[in-house]
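Computation of the quantities below employed the complete heavy-atom set of this structure, encompassing side-chain atoms and omitting hydrogens, waters and symmetry-equivalent molecules. Residue numbers begin at 1 in each chain, while the letters A, B, ... track the order of the sequences.
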2 protein chains.
Amino acid sequence: MAHYSPALDAVLVALADPTRRQVVQRLGRGPASVGELARPFPMALPSFMKHVRVLESSGLIRTAKSGRVRTCTLDRERLALVDDWLADQRQVWSDRTDRLERLVTDLEGTP
Amino acid sequence: MAHYSPALDAVLVALADPTRRQVVQRLGRGPASVGELARPFPMALPSFMKHVRVLESSGLIRTAKSGRVRTCTLDRERLALVDDWLADQRQVWSDRTDRLERLVTDLEGTP
DNA sequence: CGGATACTTAGCCTTGTGGCTCACTATTCG
DNA sequence: CGAATAGTGAGCCACAAGGCTAAGTATCCG
């Protein structure tokens, strides 16, 4: 537990950008083409494509080109990495709480 | 739901760095001084302090100086922002699943 | 008081990130 | 075929991120 995870790192870096988070959110409602995804954003396509690449290389999305259209789909499993890390943190806290409780109990036992 | 949250943004940016994640993890076991937190890392103190500042301005940790020692504590509530966002995402997916199921049901009803 | 400790401040440097334009390729459609 | 569509690729740019050193400040301890 705890040691450095490149996969988690990539996912968090990807999610640290608002544009990319919105894309993830949109893809939660189903697959979409790059152009479709880009439409809401006030940036040029090549700029937007960089975000798509970041998301893809983090594993959060998968993309496939058919004809001239590249379709993107969300990989929900990847988001679980974040869940898992958060769960680990809670584990650390509760371990500490357990120790504190034990300490209090011990102190009560030896007045 | 969904619109841009600077707070969530700051938290995810903070967590996107492995050093800072390890600090969060360490602080889960209880408060610590800056020097104590920095010890495991192969970087100079001023560099490390930047990470502390990022964590603090994201709200993930609080710090207070007493004498010449600055003590850092984790603010668990802040991590909940990430939890909430993940929960939102799952909500989006399940809404979609519901719609798909309803569609299938409707189709079955009208053969 | 004076030295050791624990940060802090200031400033520099390199790399990475996110955005742009312009030019190009590959499909699709009339 | 030829025009419109949907990405791509290349290369530039500004600024933020993360690291460093050197020097300064503010306790604390003997």
Expressed in angstrom and rounded to an integer, what is the separation of [X] atom [atom1] from [N] atom [atom2]?
X	N	atom1	atom2	value
A:E36	D:dA6	CD	C1'	12 Å
A:R39	D:dG7	CZ	P	9 Å
A:D17	C:dG16	CG	P	18 Å
A:K65	D:dG7	NZ	C1'	5 Å
B:D9	D:dA16	CG	P	14 Å
A:L37	D:dA6	CG	C1'	13 Å
B:R20	D:dG19	CZ	C1'	13 Å

B:Q89 CD to A:R21 CZ distance, which is reported to the nearest 0.5 Å = 9.5 Å
CG of B:D83 to CZ of B:R76: how many Å apart, nearest 0.5 Å?
-> 13.5 Å
Which of these nucleotides, C:dT5, C:dT8, D:dA6, is closest to any side-chain atom of B:R68?
-> C:dT5
Positive for side-chain contact (heavy atoms from CB on, under 4.5 Å) with A:L55, one of A:L37, A:D17, A:I61, A:L27 = A:I61
Can you find a pair of side-chain heavy atoms, one from A:V34 and one from A:L45, that are under 4.5 Å apart?
-> yes
B:L79 versus A:L86: any side-chain heavy-atom pair under 4.5 Å?
-> yes
Would you mind classifying the nucleic acid contact of B:T19 as base, sugar-phosphate or nothing, using non-hydrogen atoms under 4.0 angstrom?
-> nothing
Is there a residue in residues 45-61 of chain B whose heavy atoms reach under 4.0 Å of DNA chain D, and which residues are they?
-> B:P46, B:S47, B:K50, B:H51
Which heavy-atom pair separates B:V92 from A:G28 by the least distance, and what is that distance?
-> CG1-C, 3.7 Å
